[in-house]
Structure formats: structure tokens, C-alpha cells
Amino acid sequence: MLDPKLLRESPDLVRAAIAKKHLDVDVEALLTLDAAWRGQLQQVESLRAAQKAANTEMAKLPKGSPEFIAKVQEMKAVSTQVKEADVVLGETEARLKQAMMTLPNLPHASVPEGRTPEDNVVFATWGDVATLSPHAKPHWEIAGFEKLFDFARGSKVTGAGFPFYIGDAARIVRALLHFFLDENGKAGYVEVNPPIFVNAASATATGQLPDKEGQMYEAVADGFYAVPTAEVPLTNFFRDEILDEAALPVKRCAYTPCFRREAGSYGKDVRGLNRLHQFDKVELLKWVHPSSSYDELDALRGDAENLLRKLGLPYRVLLMCGGDLGFSQSKKYDLEVWSAGQKRWLEVSSCSNFETFQARRAQIRFRNADGKPELVHTLNGSGLAVPRVLAALLENNLQPDGRVKIPAVLVPYFGKEYLTFA
RNA sequence: GGAGAGGUGGCUGAGUGGUCGAAAGCAGCGCUUUGCUAAAGCGCCGUAGGUGUAACAGCCUACCGGGGGUUCGAAUCCCCCCCUCUCCGCCA
């Protein structure tokens, strides 16, 4: 959510942001609605002031006196008026709030212009794609794949997109998670093991609600949502709190399974490990001082990149253009790993600065030098998502004999040098 | 899941249907006293929205777990929900 004052005082900034993100929002209607709301608010408040004044007066009068009774009669009318005006105000306020929610976050000046994914800027690349295994094939075509990654039984037991990982597959998942958490810990992120169900208030603060409820699995009886990412419980940890300025930046990471309904996905995107309804991911999160949030974003991206480098997986960094930026982000980098078998880039991390957009919804603040509460900037990024990293690992490191060579850094976690499908 | 007791400012903790945004204490900040520290005295000290200002100030309104209701008027009375604690039940 944007600062209402920003809309009021600099509507042109908001218009420019909407244009850069190639969205369509009626700013004029919003300004009109805002003006109406303020008018109604003042009306209600002046009626309330009258009530309060009368109240003070009546407290001094003898209870049953004629003056008292007269005053009660008089204030009955005001009471009715307040209630009526308050209903109108409440309706306007609800409409205004809903309309405000349609305003996207302002993109940062460094975000490139552009409309589609083709307009994203390749910011950096690492590793040599050409020298990878000539034996590479899509991971789902590797002999024995279906024994270790049992999609059929996953479908029987739960449904499509909920595979079983068996033997070496389960071990490599665990090794990757363990490796990610250890490395992130070394980089200064405190490990957290959060709830994997959240309530509606939390899902609203991070932007899953309203409108995106269809993307989450819901435990209806309890009003809980299965987390689509650890970002949700992690960010909400400090919801409605005021942090110490000296404590910033706060850096945390968490592993959770992530649950996504992914309605509407199809084709090659969903083959094998490319897109699942349940997958494992380690998320990085930072709460930072507004003055340093872009430096912190670069550092966060660097932390995620470092994981891919240590695994020896070639990747590129995309700087997302205005049109491909998320609604709530000011700036975003995607990390895409090269998948030698599919011959395509797979997104394994998305590192974003939300500035105050999430913090305003979640009311996460710090006390500044003047002693006044001020919104923090929140950043997050994957560090990393397991299935696609694993897909690239299986494909890029496939040996002529059908085994997969495990990167040296993972061997201590995995326990042996090759993953076998036999 | 059942029974009971609670939820008030950063913390502890008073609070009668009206003069309560809320006593008191602690913590914090400022000043005074003091050789320093400690101590004492005095003052300040919640958040949000609106209005206002060059910016402060000021003014108005809301907020006593959340949401409804009763009333001229609700922290206080009624209803629903959430959370915490104790006991019982169940259980990794």
C-alpha cells in the first residue's frame, strides 16, 4: 500500500509509477474518493466533538434535573446523526481503502523501462554454459528418474505436483537445504523455523490477500492458509511492532515447504521438477533502514548468487523491467540457473526491495533519531528454491554412465560423490 | 475438546456508566542540586487519522485484545470471536 499523502500531494509521481509498470488505474477517481472521505470524516468528527462537549456539561448537572432531561432529548438527535453519518463514512472508507490497494508500489529510478519479460535486462551472467555435459537431457528423461522422484504415487496419495522423493532424491533435497541454511547462517542470516500455516491478517499484510486467495491452500475450518513462501510468516514476525533503529538491519532466513495451487499453469513449465504444488525453499529476509535498502538489496542478491557459485551452476541475473516488476516491488532481480538438458533458464530466486510497501501494510517500524516511528524497508529473496536447482544439478552434472556428480561443497552433506538412479 | 481466571500505555498495575487517553510505580528524556558516580527534586514522556504550519506548535477525532450491541454518554454493561494462564481430557 502506498502512503495516502503521496497520492494527495504528488499524484504525478503515482501516475508515472503506474505508467512505468504498464498498469491501468484511475487516479482521478481515487483523488475524488479521497476528498469525499475527508469531507465526511470532518463532519463525523465535528458531531462527535459536540457530543463530547455535551457530555462534559451533563456530567456537572444533577441527574434528574429539567436541564439534564432537556439535554438528553437534544443529544438524542445528534446521536442519530452521528450514527448515520458514520455509516456513510464507513462505506466511503471501505471503498477508498479498496481503491488504494489497487495502487502499485513506485518502481525505483534504476528500474529499466519495458513492458514484457523480453525487456528485462541481463544484469550479469556467471559460469560457462557451453562446456556443460554433452550427455545432458531433461531431468525427467534420465533413466530411473521416476523411481527416485515418484510423481505417480504422489498423484495417488495427494494429487499432481506432489511427488515423493525416494532414497538419493530425498537425501539430495536434505543436503541442499542443509547447505543453504549453513551458508546463509555464515552470511549473517539468523535461522528461523516458522509456522507453515498463517492467518488471514498475515496473508493480507504480505499481499497474498485479498485477490490472490486462489493461489493458496486453505484450511477452511480454522481460517489458516498454507504458506506459499516463508516470506509470509517471516515478514509477519514483526507485524505491528516498533524496532530499535540500532538493531537494523535484521537479517533472517527460514526453510519451509511452500504450497502453491498454481492454477492455470501448463506445458513444459510443469514437467518434472519445474513447477510443483509443494516444494522446499529457503527464504532470505531483511528489515533495513530506508537509507541503505538498495545496498542491502545488492548484498542480498550477492548472498543468493554465492550459493549457485559454490554449487558450480551457471546462472544469469535479470534486472526486471517496469512491466515485469511485481505490483508491490520497487526493484527486483531474478536469478536464473541454466538447465543444460532443457536448454533454458530456470528461475531459482527472486530478490526484491519492497521499500515501505509491505511495511506499511504490516506496520513494521523503527524509532528514528527524532524518536518518531518510521516505516522500515523490507527485502526478500530465495536462498534458494530446491527443485529447480536440483533439476539443473541433475542435468548439468549428468555423467555418461547415468550417475550425477555431486558438487564438492555438497558431498559432506550428501555423504557420497555420486547420486545414482539405480 | 471441557471447566475456571484473565487481557488496560515500553513494563508493572489502579480504574466508580459521565469531569478518563486513562491514577500510581518502574524504565526513558531534559533541567536543577552535587567534586564524579549514586541519590534527591522538578518537568516531559503512547499511536494513528484529519486540520493547520515554511517547518514546529496548536486544534479536532479515534484507540483500554478484535468485532458487534445497549445508552444522550462505554475501558466500565450485554453478545460473538481471538489470545494467555490454571485444572481435566487427548496426544507426537
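Residue numbers start from 1 in every chain, and the chains themselves are labelled A, B, ... in the order their sequence lines are given, proteins ahead of strands.
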Are A:His277 and A:Phe259 an aromatic pair, judged by ring center distance below 6.0 Å?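 So the answer is no for these two rings.
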
Could you check whether A:Tyr294 and A:His108 have their ring centres less than 6.0 Å apart? yes

Quick one: sort the A:Tyr413 and A:Phe179 rings into parallel, tilted or perpendicular, breaks at 30° and 60°.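 A:Tyr413 and A:Phe179: perpendicular rings.
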
Sequence neighbours excluded, which residues qualify as ring pair (Phe, Tyr, Trp, His ring centres under 6.0 Å) partners of [X]?
X: A:Tyr418; value: none
X: A:His22; value: none
X: A:Phe327; value: A:Phe357
X: A:Phe180; value: none

Structure string for RNA chain B in dot-bracket form, Watson-Crick and G-U at under 3.5 Å, | interchain: ((((((((.[[[..)..(.....]]].(((((.......))))).((((((......)))))).[[[[[..)....]]]]])))))))....

Mapping A:Ala59 and A:Val72 to their closest nucleotides on RNA chain B, which lands nearer the 5' end?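 Nearest nucleotide further toward 5': that of A:Ala59.
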
Protein-to-nucleotide contact annotation, 5' to 3' order, nucleotides 45-66 of chain B [B base; S sugar-phosphate only; - none; under 4.0 Å, heavy atom]: --SSBSS--------BBS----

Under 4.0 Å protein heavy-atom contact, by nucleotide of nucleotides 73-85 of chain B - B base, S sugar-phosphate only: S------------

Pair A:Arg15 + A:Glu28: basic N to acidic O under 4.0 Å: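 Here A:Arg15 pairs with A:Glu28 in a salt bridge, since their nearest N and O are under 4.0 Å apart.
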
Grab the CE-P distance between A:Met58 and B:rG17 for me, whole Å please.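 The answer, rounded to whole Å, is 17 Å.
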
Spacing between A:Met75 atom CE and B:rG18 atom C1', to the nearest angstrom: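 Rounded to whole Å, this separation is 13 Å.
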
Using atom [atom1] in both nucleotides, what's the gap between [N] and [M] to the nearest angstrom?
N: B:rC45; M: B:rC11; atom1: C1'; answer: 14 Å
N: B:rU12; M: B:rC82; atom1: P; answer: 24 Å
N: B:rA74; M: B:rC59; atom1: P; answer: 23 Å
N: B:rG6; M: B:rG17; atom1: C1'; answer: 22 Å
N: B:rG7; M: B:rA75; atom1: P; answer: 16 Å
N: B:rG9; M: B:rA3; atom1: P; answer: 29 Å
N: B:rU47; M: B:rG41; atom1: P; answer: 27 Å
N: B:rG21; M: B:rC64; atom1: P; answer: 12 Å

Within the 4.5 Å heavy-atom criterion, are [X] and [Y] side-chain neighbours or not?
X: A:Ile196; Y: A:Thr256; value: yes
X: A:Lys331; Y: A:Pro107; value: no
X: A:Phe197; Y: A:Asp222; value: no

So which protein N/O to nucleotides 90-92 of chain B N/O distances come out below 3.5 Å?
none

Tell me whether the guanidinium CZ or amine NZ of A:Arg301 lies under 6.0 angstrom from the six-membered ring centre of A:Tyr333 and within 45° of its axis.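 So A:Arg301 does make the cation-pi contact.
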
Strictly by side chain to side chain donor-acceptor pair (under 3.5 Å), give each pair with a member in residues 93-102 of chain A just once, sequence neighbours left out. A:Trp37-A:Glu93

If you look at every strand shown and take non-hydrogen atoms under 4.0 Å, does A:Lys76 touch a base, only sugar-phosphate, or nothing? sugar-phosphate

Salt bridge (Lys or Arg N to Asp or Glu O under 4.0 Å) filter on A:Arg403, not counting sequence neighbours, yields A:Asp401

Taking CD in A:Gln399 as the centre, count heavy atoms belonging to other residues, nucleotides or ligands within less than 6.0 Å. Is the count above 12?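 Atom CD in A:Gln399 is packed in, count exceeds 12.
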
Go through residues 97-105 of chain A and report each residue with a non-hydrogen atom lying under 4.0 Å from RNA chain B, sorted by number.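 Those residues: none at all.
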
Residues 224-255 of chain A vs ring pair (Phe, Tyr, Trp, His ring centres under 6.0 Å), sequence neighbours excluded, gives A:Phe238-A:Trp287

Short question: side chain of A:Asn236, backbone of A:Val232 - any donor-acceptor pair under 3.5 Å? yes

